Student: 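Take this structure, written in structure tokens, and hold onto it; I'll ask about it next.
Values in this document were obtained by computation on a predicted structure and should not be read as measured data. Reckoned from all heavy atoms, side chains included, excluding hydrogens, waters and symmetry mates. Atoms within each ligand, like the ligands themselves, are counted from 1 in listed order.
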Amino acid sequence: MNLVTSVLDGDRLALARLLTQVENNLPEGLVALNQLFSHTGKAHLVGVTGAPGTGKSSLVNKLALYYRSLANPRKIGIVAVDPSSPFSGGAILGDRVRMRDLAGDSGVFIRSMASRGSLGGLAITTSGLVQVLDAAGYEIIFIETVGAGQAEVDIARQAHTTLVIEAPGFGDDIQVIKAGILEIADIIVINKADQPGVENTARALKGLLQLAAVTQPDDPSGHHMPEMGAIQKQPEKNSDWQVCIQRTIAIEGDGVKELADAIDRHRLYLRQSGLWQQRERQRLQADLESLLHAKLMERWRSTISEKHYQQAVDSLIKRQTSPLQAVESLLEGSNS
Ligand SMILES: Nc1nc2c(ncn2[C@@H]2O[C@H](COP(=O)(O)OP(=O)(O)OP(=O)(O)O)[C@@H](O)[C@H]2O)c(=O)[nH]1
Ligand SMILES: [Mg+2]
């Protein structure tokens, strides 16, 4: 049987193999993605981001256990993206913890991605893995990323619902917020609520949320409005979702049910307001544009010799041409 059919039939081994092919950008993986695409679009994609060590993996683990414990258990996929430490570090460690708690449950599939992504970058590779899990019938897919760089923001943007995880002590210099990641938060989680400093963190975050509401010029309701894709900058219309702050103690499981409820509320809100469709459109358009960029670049580079290309760089170094002039002359050269 072919790999795609096996994946659609729920074969976990086939799923693992296909994910590896997609992660490594192998031709058969890309062909499989084309075949699977019509089966995607059903899952609720939940981005989970925040500074290292705030408890993202522990929390996702507990959320997965919670969703599995329901009378109508949901199938849970987890993609942990950790480009900073390819072979050790957070994602893999977090995985070990999860493997122990979730091992043997066929309703959960965990994948950590250690590569830096290939064609079209990390966000596109992540998107491919998520598509495979979506097609395979996983109903809620958590996408966990460490840090607050542009890559994490791009990945978080692929989600319908984005959780930003803070923790006391981390919140004092609020790294994540500096990078503007709060702009993409639908739900803010203060994890490690058992630790001292929770109240300070909560106060700081509330203050920042109020500030964000006041300084949103285009939002007549005064509510927080997440800024969407770098490519498509249009603010969401009619967004009156109130960003909520949830407290959790991931190691005890405290607040996990309430967090899961908030995630479900957000999904319902997106569905009822029509924003789900809007986010889907933005997400797919962003994927399309990343792939177009990558493909056009690849195609164009094959039309020009390495020597010619390096000459253009040389003339930049010598300040004989400006970057824009160099681009124009390179593009002219490749057309002739
Ligand atoms: N006290 C306390 N410790 C916690 C809590 N949640 C997680 N931890 C601990 O914090 C550490 C980091 O937890 P992880 O879940 O690996 O955090 P992470 O954000 O996934 O870490 P990275 O993936 O490395 O960025 C672990 O030692 C956890 O046991 C909590 O609610 N309270
Ligand atoms: Mg982790």
Student: Taking only heavy atoms of N191, which atoms of ligand 1 are found under 4.0 Å from at least one of them?
Tutor: 5 (C), 6 (N), 7 (C), 31 (O)
Student: Show me which atoms of ligand 1 lie under 4.0 Å from any heavy atom of I249.
Tutor: 31 (O)
Student: Please confirm whether E252 comes under 4.0 Å of ligand 1, counting heavy atoms of the residue only.
Tutor: no
Student: Quiz question: by atom type and distance under 3.5 Å, do the side chains of D186 and Y269 form a donor-acceptor pair?
Tutor: no
Student: Restricting to N/O/S atoms, is S57 within less than 2.8 Å of the Mg ion (ligand 2) or not?
Tutor: yes
Student: Find out whether I165 and T49 are in side-chain contact, i.e. whether some heavy atom of one side chain is under 4.5 Å from a heavy atom of the other.
Tutor: no
Student: State which residues pass side chain to side chain donor-acceptor pair (under 3.5 Å) with R265; sequence neighbours excluded, sorted by chain then number.
Tutor: none
Student: Would you please classify the geometry between the Y309 ring and the W300 ring as parallel, tilted or perpendicular, with 30° and 60° separating the classes?
Tutor: perpendicular
Student: Which atom name does E144 have for its N/O/S atom nearest to the Mg ion (ligand 2)?
Tutor: OE2
Student: Could you tell me, atom by atom, which parts of ligand 1 come under 4.0 Å of a heavy atom of Q195?
Tutor: 1 (N)
Student: Check ligand 1 against P52 and write out every atom of the ligand that is under 4.0 Å from a heavy-atom position of the residue.
Tutor: 25 (O)
Student: Do we see a donor-acceptor contact under 3.5 Å between the side chains of H39 and Q131?
Tutor: no
Student: Checking S6 against R12: is there a side-chain donor and acceptor pair closer than 3.5 Å?
Tutor: no
Student: Polar-atom distance check: A250 versus ligand 1, any N or O pair below 3.5 Å?
Tutor: yes
Student: Strictly distance-based, threshold 3.5 Å: is any side-chain N or O of T201 a donor or acceptor partner for the main-chain N or O of G197?
Tutor: yes
Student: So which of S57, G55, G53, G50 gets nearest to atom 22 (P) of ligand 1, if we judge by its closest heavy atom?
Tutor: G53
Student: Of all the atoms in ligand 1, which lie at a distance below 4.0 Å from a heavy atom belonging to S58?
Tutor: 7 (C), 13 (O), 14 (P), 15 (O), 28 (C)
Student: Counting both backbone and side chain atoms, is some N or O of A193 under 3.5 Å from an N or O of ligand 1?
Tutor: no
Student: Just so I know, are the side chains of R267 and W276 near enough to count as touching, which here means a heavy-atom distance under 4.5 Å?
Tutor: yes
Student: Taking distance alone, with no angle check, do T248 and ligand 1 share an N/O pair under 3.5 Å?
Tutor: no
Student: Quick one: does ligand 1 sit under 4.0 Å from the side chain of D194, the backbone, both or neither, non-hydrogen atoms only?
Tutor: side chain
Student: Provide the closest heavy-atom pair for I76 versus A64 in the form atom of the first, atom of the second, distance.
Tutor: CG2-CB, 4.0 Å
Student: Of all the atoms in ligand 1, which lie at a distance below 4.0 Å from a heavy atom belonging to E144?
Tutor: 20 (O), 23 (O)
